[in-house]
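Below is one structure; the comments refer to it alone.
Lettering follows sequence order; numbering is per chain, from 1. All values derive from a computational prediction rather than experimental measurement.
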2 protein chains.
Amino acid sequence: MKAQKNIPLRIRRTKPVPASGAGTAVIQQITRAAHSQERAQDYVETIADLIVEHGEARAIDLAKAFGVTHVTVIRTVQRLQRDGLVNTRPYRSIFLTEAGSRLAVQAKARHRVVLEFLMALGVPEGVAKVDAEGIEHHVSPETLEAFQRVLSGA
Amino acid sequence: MKAQKNIPLRIRRTKPVPASGAGTAVIQQITRAAHSQERAQDYVETIADLIVEHGEARAIDLAKAFGVTHVTVIRTVQRLQRDGLVNTRPYRSIFLTEAGSRLAVQAKARHRVVLEFLMALGVPEGVAKVDAEGIEHHVSPETLEAFQRVLSGA
DNA sequence: TTTCATTTGTAGCCTTGACTACATAAGGTG
DNA sequence: CACCTTATGTAGTCAAGGCTACAAATGAAA
Ligand SMILES: [Mn+2]
Ligand SMILES: [Mn+2]
Ligand SMILES: [Mn+2]
Ligand SMILES: [Mn+2]
């Protein structure tokens, strides 16, 4: 309250915002786009894991893996199906499409590199797992390559 | 289609899912929690920058910085105010609260370390800026320290 | 002082991704 | 086969975070 006592009204600037601001919007937009694909990547990756481990991926297993209700899983899977990443029919288990498989392979490989990179830096495994789960989706090919360089000791 | 011709029905497992799945839910939940704070961090950081650069932070500047409409900014700022991070009154500019200032300082410092770390690894600046914008929110104190170790050449 | 471009605000809509409560299908067990 | 637990599906709600369209306030310039 008291901090706003004598605050002047906004000052109109005719001139455009200085150069510093140029391009920041694009960065933010790219980041938002990356965000919108996180769930898809995590889901196809987990579905692939479940198929390897149990021979099939069921909604309830995904719910347990993500810590959400089965309803959330079912609705998310419907979106993935709409987007051509999985196939599923009522009361059947969930299968990856070709596109879904490719995405899963890529996501899994990248995730592994990020995790191993963090652990190579000395980050404790538990913490590294948490950080990698979020970081993975924002690692560009260039950054991934840099991480791999470090891992291969080059 | 043809891939699902002879697909067996789901197999019921009485036994709980193997150990591999234990704990993954918690990791995902922590990551979701981190996500829910990204906007707040980016906003207070940008608001602090605008105040330094222009003496004030206006909704329209935030809209330009983030590449969204002013309506989105106004509604987001309302949430930030509800959460005690900013103060603003109708037609006035936006101010950080004490809590907002502290968060801005922390977020900015972490963001800077992440960006410099990526560039130290040889990632081109433009790419590093994009990656850092997303990665910063998923960097734990332990990982941040590891990044700083690398930067200080230790 | 009046005007008018700029800025801010409001109303209403949408998608994503979360939830609870309840309904129905599947399929193992007795 | 019938039963009953488990899994899946449906209905309805909510908040965050986007948007467009329109309305009102601000303040610089005429
Ligand atoms: Mn992953
Ligand atoms: Mn992830
Ligand atoms: Mn930031
Ligand atoms: Mn950011």
Side-chain angles (χ1 to χ4, degrees), chain A residues 7-17 25 28-43 46 50 54 56-83 85-86 88-95 137, chain B residues 7-17 25 28-43 46 50 54 56-83 85-86 88-95 137:
Chain A
I7 293 294
L9 293 183
R10 153 182 68 80
I11 297 151
R12 299 284 278 283
R13 287 189 306 276
T14 311
K15 297 285 178 176
V17 171
Q28 303 289 341
Q29 286 166 339
I30 294 173
T31 303
R32 282 200 298 279
H35 268 136
S36 74
Q37 305 192 10
E38 293 193 14
R39 237 129 233 129
Q41 291 169 6
D42 286 337
Y43 266 70
T46 301
L50 287 170
H54 308 135
E56 64 171 358
R58 294 187 289 159
I60 195 169
D61 294 326
L62 289 169
K64 280 171 192 152
F66 291 120
V68 297
T69 65
H70 78 276
V71 183
T72 297
V73 167
I74 285 169
R75 298 197 49 190
T76 302
V77 167
Q78 285 169 351
R79 267 176 244 130
L80 297 180
Q81 186 161 34
R82 179 200 62 191
D83 298 339
L85 294 173
V86 307
T88 184
R89 285 176 303 171
Y91 297 99
R92 260 63 182 181
S93 52
I94 301 155
F95 303 90
H137 309 284
Chain B
I7 293 293
L9 293 183
R10 152 182 68 80
I11 297 152
R12 298 284 277 286
R13 285 190 306 275
T14 311
K15 297 285 180 176
V17 170
Q28 304 289 341
Q29 286 166 340
I30 294 173
T31 303
R32 282 201 298 278
H35 268 134
S36 74
Q37 306 193 9
E38 294 193 14
R39 237 131 233 129
Q41 292 168 5
D42 285 337
Y43 266 70
T46 301
L50 287 170
H54 307 136
E56 63 170 1
R58 294 187 289 159
I60 195 171
D61 295 325
L62 289 169
K64 280 173 192 150
F66 291 119
V68 298
T69 65
H70 78 277
V71 183
T72 296
V73 168
I74 286 169
R75 298 196 49 191
T76 303
V77 167
Q78 285 169 352
R79 267 175 245 132
L80 297 180
Q81 186 162 34
R82 179 200 62 190
D83 297 340
L85 293 173
V86 308
T88 185
R89 285 176 305 171
Y91 298 99
R92 261 63 181 182
S93 51
I94 300 155
F95 303 90
H137 310 284

Contact under 4.0 Å: [X] side-chain N or O vs [N] OP1/OP2:
{"X": "B:Arg39", "N": "D:dG18", "result": "yes"}
{"X": "A:Arg82", "N": "C:dT16", "result": "yes"}
{"X": "A:Arg79", "N": "C:dG17", "result": "yes"}

Distance check needed: [N] [atom2] versus [X] [atom1], whole Å only.
{"X": "A:Gln81", "N": "D:dG9", "atom1": "CD", "atom2": "C1'", "answer": "14 Å"}
{"X": "A:Arg89", "N": "D:dG9", "atom1": "CZ", "atom2": "P", "answer": "12 Å"}
{"X": "B:Gln37", "N": "D:dG17", "atom1": "CD", "atom2": "C1'", "answer": "16 Å"}
{"X": "B:Asp61", "N": "C:dT8", "atom1": "CG", "atom2": "P", "answer": "8 Å"}
{"X": "A:Gln28", "N": "D:dG18", "atom1": "CD", "atom2": "P", "answer": "10 Å"}
{"X": "A:Ile60", "N": "C:dA26", "atom1": "CD1", "atom2": "C1'", "answer": "13 Å"}
{"X": "A:Asp42", "N": "C:dG17", "atom1": "CG", "atom2": "P", "answer": "11 Å"}
{"X": "A:Arg58", "N": "C:dG27", "atom1": "CZ", "atom2": "C1'", "answer": "12 Å"}

ask   = Is there a side-chain contact between B:Val68 and A:Arg32, using heavy atoms and a 4.5 Å cut-off?
value =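 A side-chain contact under 4.5 Å exists here.
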query = Can you find a pair of side-chain heavy atoms, one from A:Ile60 and one from A:His70, that are under 4.5 Å apart?
reply =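 A side-chain contact is absent here, since even the closest heavy-atom pair is not under 4.5 Å.
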request  = Please list residues of residues 67-78 of chain B whose heavy atoms come under 4.0 Å from any atom in DNA chain C, ordered by number; otherwise none.
outcome  =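 Those residues whose heavy atoms fall under 4.0 Å from DNA chain C, taken from residues 67-78 of chain B in numerical order, are B:His70, B:Val71, B:Ile74, B:Arg75.
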Where [X] and [Y] come nearest, the two heavy atoms and their spacing:
{"X": "B:Val77", "Y": "B:Val86", "answer": "O-CG2, 3.8 Å"}
{"X": "B:Ala57", "Y": "B:Ser93", "answer": "O-CB, 3.1 Å"}
{"X": "B:Ile94", "Y": "B:Ala59", "answer": "CD1-N, 4.0 Å"}

message = Determine whether a donor-acceptor pair (N or O, by modelled atom type, separation under 3.5 Å) exists between the side chain of A:Glu38 and the backbone of A:His137.
response =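 The answer is no, because no donor-acceptor pair under 3.5 Å joins these two groups.
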key: Earlier contact from the 5' end, DNA chain C, for B:Pro90 and A:His35   =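 Here B:Pro90 is the residue nearer the 5' end.
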query = How would you list, by chain and number, every residue that makes a side chain to side chain contact (heavy atoms under 4.5 Å, CB included) with A:Thr46, sequence neighbours excluded?
reply =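 A:Leu50, A:Leu62, A:Ala65, A:Phe66.
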query = Quick one: side chain to side chain contact (heavy atoms under 4.5 Å, CB included) partners of B:Gln37, sequence neighbours excluded?
reply =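 Only B:Gln41 meet the side chain to side chain contact (heavy atoms under 4.5 Å, CB included) criterion with B:Gln37.
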task = With heavy atoms under 4.0 Å as the rule, sort B:Arg32 into base, sugar-phosphate or nothing.
result =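 Sugar-phosphate, no base atom in range.
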inquiry  = Restricting to side chain to side chain donor-acceptor pair (under 3.5 Å), what partner residues turn up for B:Thr72, sequence neighbours left out?
reply    =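 Here the qualifying residues are B:Thr69.
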key: Axis bend over the full length of the helix from C:dT1-D:dA30 to C:dG30-D:dC1, computed from five pairs that close each end, to 10 degrees   =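 Rounded value for the end-axis angle: 10°.
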